[in-house]
Protein chains: 2
Amino acid sequence: MIYSELHNILSSKTIHLKSGQYLFTQGDSVKNIYCVNKGRIKLVRDTFEGTPILIHVAYAEESIAEASLFSKKYHCSAMAGTNTEVIVYSKDELLKILQENPESMMNLLKQLTTQVRDLRMLNETKSIYSAKEKVLTYLSTEFHRDKDSDLPLKDIAQKIGMAHETFYRTLKILENNGKIKRNKSHIKLTNL
Amino acid sequence: MIYSELHNILSSKTIHLKSGQYLFTQGDSVKNIYCVNKGRIKLVRDTFEGTPILIHVAYAEESIAEASLFSKKYHCSAMAGTNTEVIVYSKDELLKILQENPESMMNLLKQLTTQVRDLRMLNETKSIYSAKEKVLTYLSTEFHRDKDSDLPLKDIAQKIGMAHETFYRTLKILENNGKIKRNKSHIKLTNL
DNA sequence: AGAAACATATGATTTGAATCATGTGGTTGC
DNA sequence: GCAACCACATGATTCAAATCATATGTTTCT
């Protein structure tokens, strides 16, 4: 998780959310920073006009609201997408520790740079129109091997911005073409 | 720019690139951090398999390679997309200053959290399939008003992952429906 | 253990975004 | 001031991805 080493220093508590329950609501003042331990949390933004939009889905080991470390209010709402376990840290305490402890701040900085890079990569993957190309590009990224390896296919489909039906089909085609191999739910590029 | 206050402390120099010239190449060791002053820089990643893919386009006031602050080697190449002016900072010097100066580190942290938030937002905008919905969602974001307001429409189209032709057409439809107003190249949502 | 909820899978159909083509207007550079 | 380049625009066409439907396999909850 993003605060691995800090976890021992910081006081924390664990809370359990039922699917559909809210962790916080857009506009609430930012008191806490969270880390998903199990399950998933959807970040949803209420727009003045019309339907709320999904901003992000955080899975196990992912921290959320660190983007709100410097905000007064949450700019989105967080809802459990399934029964979920979340670790809670105090924002103020975290900020204090970071200030006293440049090394851990540097560490957090590092994690954020990685996040930025991953997000950019994902962003451009999403720009690819062709399903085959998109899937191959996604599979060639690091975060597929690392973090995403145990995500349901359906969720991966959503992550890269394609209908899950299309994703299943595309995987099959690529498999038949010998471009990828699958055993159980682990997918591997053939080349390299 | 991302290092606004640091700019005065850090030593820097400005370099000029012709369209198509490389700033650095994937695999080069990371000596410098850059900030685009004028023009634009494309970050491109060479994939073992097949065509290189575009990771990001950095415009004026945008820093690049800060995602590489902690990397030994650049993970992508940077090419000028047009005649471009870039400010160069030394990575080591920047890291040193940050360490000595927790406040500026905190500041950089803050900028990165904003970047993460924006990227997530953009990411989900890209997931929207319907052109109209996608454009409306994009227009409702902050970074449209702030940073993107002077981008060519063509570049915005690329940023949100749609063919520029579709973007022009969609804008026209939305304008005819009274959902948006345009004067010159500034676009505004009607409601709110 | 059984039920409910969800992931995986695949077929049929529709649709709308990409693509190709072409033209005009506006900037930029020499 | 001219030429080259690029943004903007719009029409016609194609095609592949979304959608709808339905079924089976798999986890999860009680």
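Note on naming: letters A, B, ... go to the chains in the order of the sequence lines (proteins, then strands), and numbering restarts at 1 for each one.
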Produce the list of close N/O pairs, under 3.5 Å, pairing protein atoms with atoms of nucleotides 25-29 of chain D; give distances to one decimal.
none

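- Side chains of B:Ile9 and B:Glu100 form no contact here, defined as non-hydrogen atoms less than 4.5 Å apart.
- Atom CD in A:Gln158 sits about 14 Å away from atom C1' in C:dA7, given to the nearest Å.
- Under the side chain to side chain donor-acceptor pair (under 3.5 Å) criterion, the residue pairs touching residues 9-21 of chain B are B:Ser11-B:Glu93, with sequence neighbours excluded.
- Listed by chain and number, the hydrophobic cluster partners of A:Tyr22 are A:Met79, where partners are ILVMFWY side chains within reach of under 4.5 Å, directly or through others.
- Partners of B:Val86 by side chain to side chain contact (heavy atoms under 4.5 Å, CB included), not counting sequence neighbours, listed by chain and number: B:Ile15, B:Leu17, B:Leu23, B:Tyr34, B:Ile41, B:Thr84.
- In this view, A:Asp92 satisfies the salt bridge (Lys or Arg N to Asp or Glu O under 4.0 Å) rule with no residue, not counting sequence neighbours.
- Between B:Leu174 atom CG and C:dG16 atom P there is a gap of 14 Å when expressed in whole angstrom units.
- In this structure, A:Lys172 reaches the C:dT10 phosphate: one of its side-chain N or O atoms is under 4.0 Å from OP1 or OP2.
- Using a 4.0 Å cut-off, some side-chain N or O of A:Arg182 falls inside it from OP1 or OP2 of C:dA9.
- The side chain to side chain donor-acceptor pair (under 3.5 Å) search around A:Thr82 returns none, not counting sequence neighbours.
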Nucleotides 18-23 of chain C: which of its N/O atoms have a protein N/O under 3.5 Å away?
from   : atom 1 : to       : atom 2 : distance (Å)
C:dA18 : OP1    : B:Ala163 : N      : 3.4
C:dA18 : OP2    : B:Ala163 : N      : 3.3
C:dA18 : OP2    : B:Thr166 : OG1    : 2.6
C:dT19 : O4     : B:Arg169 : NH2    : 2.9
C:dC20 : N4     : B:Glu165 : OE2    : 3.3

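- Regarding A:Tyr168, its OH atom lies at a distance of 13 Å from the P atom of C:dC6, rounded to whole Å.
- Under the 4.5 Å side-chain heavy-atom criterion for grouping Ile, Leu, Val, Met, Phe, Trp and Tyr, A:Tyr168 is connected to A:Leu151 within one hydrophobic cluster.
- End-to-end axis angle for the helix from C:dA1-D:dT30 to C:dC30-D:dG1, using five pairs per end and rounding to 10°, comes out at 80°.
- Side-chain atoms of B:Ala131 lie closest to C:dA17 of the nucleotides D:dA7, C:dA17, D:dA17.
- Protein atom CD1 of B:Ile128 is 16 Å distant from nucleotide atom P of C:dG16, rounded to whole Å.
- As rounded to whole Å, 13 Å separates atom P of C:dG29 from atom NE2 of B:His16.
- Rounded to an integer number of Å, the gap from A:Asp150 CG to C:dT8 P is 12 Å.
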In a table with atom names and distances, give each donor-acceptor pair under 3.5 Å that connects a side chain of residues 156-167 of chain B to protein atoms at least two apart or in another chain.
from     : atom 1 : to       : atom 2 : distance (Å)
B:Lys159 : NZ     : B:Asp148 : OD1    : 3.0
B:Lys159 : NZ     : B:Asp148 : OD2    : 2.9

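- One interatomic measurement links the two molecules: CG of B:Asn183 to P of D:dC8, which rounds to 15 Å at whole-angstrom precision.
- Applying the side chain to side chain contact (heavy atoms under 4.5 Å, CB included) rule to A:Ile128 yields the partners A:Glu133, A:Lys134, A:Thr137; only residues at least two apart in sequence or on another chain are considered.
- Spacing between atom CD1 of B:Ile173 and atom C1' of C:dG16 amounts to 10 Å, rounded to whole angstrom units.
- With sequence neighbours left out, the side chain to side chain contact (heavy atoms under 4.5 Å, CB included) criterion links A:Asn177 to A:Ile173, A:Lys179.
- Residues passing the side chain to side chain contact (heavy atoms under 4.5 Å, CB included) test with A:Ser127, sequence neighbours excluded: A:Glu124, B:Lys126.
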